[in-house]
Amino acid sequence: MSSPRLRSSWSSGVPSDRHSQSAPPRLDDTEVTVKIALTSPREDRTERVPTLKVVAGPGRDMLGFWTLGADERLVVGRDEREAGVVLSDATVSKRHAALFTDDTGSVVVDDLDSTNGTSVNGVPITHPTPLHPGDNLEVGGVLLRLELLTADELNHLGRVARRLAEAGSDPLTRLRTRRFLEDELPDLVRKCRKSDLPVSCAFLDLDRFKAINDLYGHGVGDEVLARTSRILLGDVRDEDACVRLGGEEILLFLPGSSLAAAAGVADRLRRRIADHDWYRTAPDLHVTASLGVAEMRRDESIEEWIRRADQAMYRAKSTGRNRVCRAD
């Protein structure tokens with residue numbers, strides 16, 4: 001198998017059909033060639049690329065992804081001079097672990113006498129251990145997963161990485177700013193109406209966010225916002241827009257999605273947020289979100305459309321939180 005380039009990036013993984021999705025990225029231009037042979041069926045080796053993804057960790061690391069080839073040793077660590085997979089989390093040693101192939105061509109991970117240890121599927125390793133597609137690799141406080149991704153999924157990850165690096169995005173979350181509502185949303189609505197396509201929005205608000213700030217401090221609150229944004233960007237389609245209104249309020253615009261489809265997307269995002277490994281951010285931390293969704297009516301103003309989604313979100317909060325409510 002030819003050796004794909006190993007690319008650091010930021011953010012998500014989505015099949016081309018999308019609104020059924022998965023997730024994944026690091027914001028620098030580092031490229032390292034890494035080759036790892038997998039003991040998977042031939043059709044998977046030819047059609048899918050082995051990819052190491054960050055699925056839980058600090059916002060700066062989360063959704064980082066690196067494609068893997070064959071016959072070369074890959075070091076995971078915090079030292080940019082020595083590691084091919086560079087993770088910023090303080091729990092990661094400078095040279096933490098190494099991935100390589102054994103004589104049979106299987107992927108093996110080995111701890112490099114790290115301070116906080118390396119685990120595979122929750123079991124600490126003390127010697128070289130096989131790593132198969134789908135396995136979880138825990139490096140200090142960062143959780144990675146080895147997956148086989150299609151070219152479409154990798155291309156999506158690359159586009160999300162570029163989106164996260166865009167100028168004009170919110171500095172903390174890397175989501176679009178409120179300027180999107182004036183500069184781009186009217187055109188998006190016009191295109192949907194001209195093509196006779198539905199367009200829906202989801203209004204997301206993190207539950208009890210003030211209590212998180214009060215209990216854990218604003219640093220943890222910022223980390224929660226950064227991680228939440230990457231969960232969202234990792235799951236939505238390229239054409240969907242995620243906008244930070246301010247504080248913990250986020251608007252998602254879903255062109256081509258009916259109310260029912262948007263409610264399905266919103267509920268999937270709600271579950272992704274609730275099920276995330278928040279304990280890696282702070283002990284006993286739990287984060288949930290309430291969402292309201294609204295499909296734009298014919299001849300309805302943008303302001304009224306968003307107001308209805310906002311009202312639905314408040315209904316979700318008043319009826320128990322961690323749920324999705326539809327407008328009207």
Side-chain angles (χ1 to χ4, degrees), residues 1-10 13 22-26 28 30-41 44-45 48-58 60-149 153-154 157 234 276-277 279-280:
M1 181 169 66
S2 62
S3 99
R5 306 185 78 183
L6 176 111
R7 186 180 302 276
S8 298
S9 19
W10 284 80
S22 50
R26 208 165 174 317
D28 57 43
T30 305
E31 293 185 5
V32 181
T33 301
V34 178
K35 307 175 181 179
I36 293 184
L38 294 177
T39 55
S40 50
D44 283 342
R45 287 204 304 265
R48 293 176 178 268
V49 179
T51 305
L52 191 66
K53 300 190 309 181
V54 177
V55 295
R60 291 168 295 171
D61 294 333
M62 200 178 145
L63 300 182
F65 71 98
W66 298 264
T67 55
L68 310 173
D71 303 331
E72 204 169 308
R73 182 182 175 89
L74 173 63
V75 173
V76 181
R78 199 158 36 89
D79 192 332
E80 295 184 2
R81 297 166 298 181
E82 299 191 47
V85 173
V86 181
L87 303 173
S88 65
D89 188 58
T91 63
V92 177
S93 298
K94 291 183 178 180
R95 286 172 49 85
H96 196 109
L99 294 174
F100 57 91
T101 56
D102 63 14
D103 294 339
T104 68
S106 298
V107 179
V108 174
V109 59
D110 190 19
D111 185 76
L112 300 179
D113 295 323
S114 66
T115 301
N116 295 302
T118 303
S119 300
V120 174
N121 297 326
V123 179
I125 64 173
T126 57
H127 52 77
T129 302
L131 186 66
H132 306 290
D135 282 351
N136 289 328
L137 174 63
E138 191 167 356
V139 177
V142 180
L143 184 66
L144 303 100
R145 184 172 298 137
L146 186 64
E147 296 185 2
L148 298 176
L149 299 184
E153 290 170 325
L154 287 170
L157 292 182
H276 185 68
D277 296 326
Y279 71 89
R280 296 173 187 275

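Contact annotation: the side chain of Leu146 never approaches that of Leu137 to less than 4.5 Å [non-hydrogen atoms, C-beta and beyond]. Looking at Arg280 and Asp89, their side chains never come closer than 4.5 Å, going by heavy atoms from C-beta outward. Inter-residue side-chain proximity for Trp66 and Val54 is flagged as met; some heavy-atom pair is nearer than 4.5 Å. Side-chain contact between Thr129 and His127 is present, with heavy atoms from C-beta onward closer than 4.5 Å.
Across every non-hydrogen atom of Glu82 and Val75, the tightest pair is O-CB, 3.7 Å. Between Ala83 and Val76, the closest heavy-atom pair is CB-C, 4.2 Å.
The CD atom of Glu147 lies 10.5 Å from the CG atom of Leu154; values are rounded to the nearest 0.5 Å. Separation of atoms OG1 (Thr51) and CG (Leu149) is listed at 4.0 Å; rounding is to 0.5 Å. Rounding to the nearest 0.5 Å places CG of Leu112 at 7.5 Å from OG1 of Thr118. One finds the CD atom of Glu80 at 11.0 Å from the CG atom of Leu87 (value rounded to the nearest 0.5 Å).
No option in Leu99, Asp135, Leu144, Leu74 other than Leu99 meets the side-chain contact (heavy atoms from CB on, under 4.5 Å) test with Val109.
A donor-acceptor pair under 3.5 Å is formed between the side chain of Arg78 and the backbone N or O of Val92. Between the side chain of Asp277 and the backbone N or O of Ala56, no donor-acceptor pair lies under 3.5 Å. Side-chain N or O atoms of His96 include none that pairs as donor or acceptor with a backbone N or O of Asp113 at under 3.5 Å. Of the possible donor and acceptor atoms, none in the side chain of Asn136 sits under 3.5 Å from a partner among the backbone N and O of Arg145. Of the possible polar contacts, none joining the Thr115 side chain to the Ser93 backbone as a donor-acceptor pair under 3.5 Å is found.
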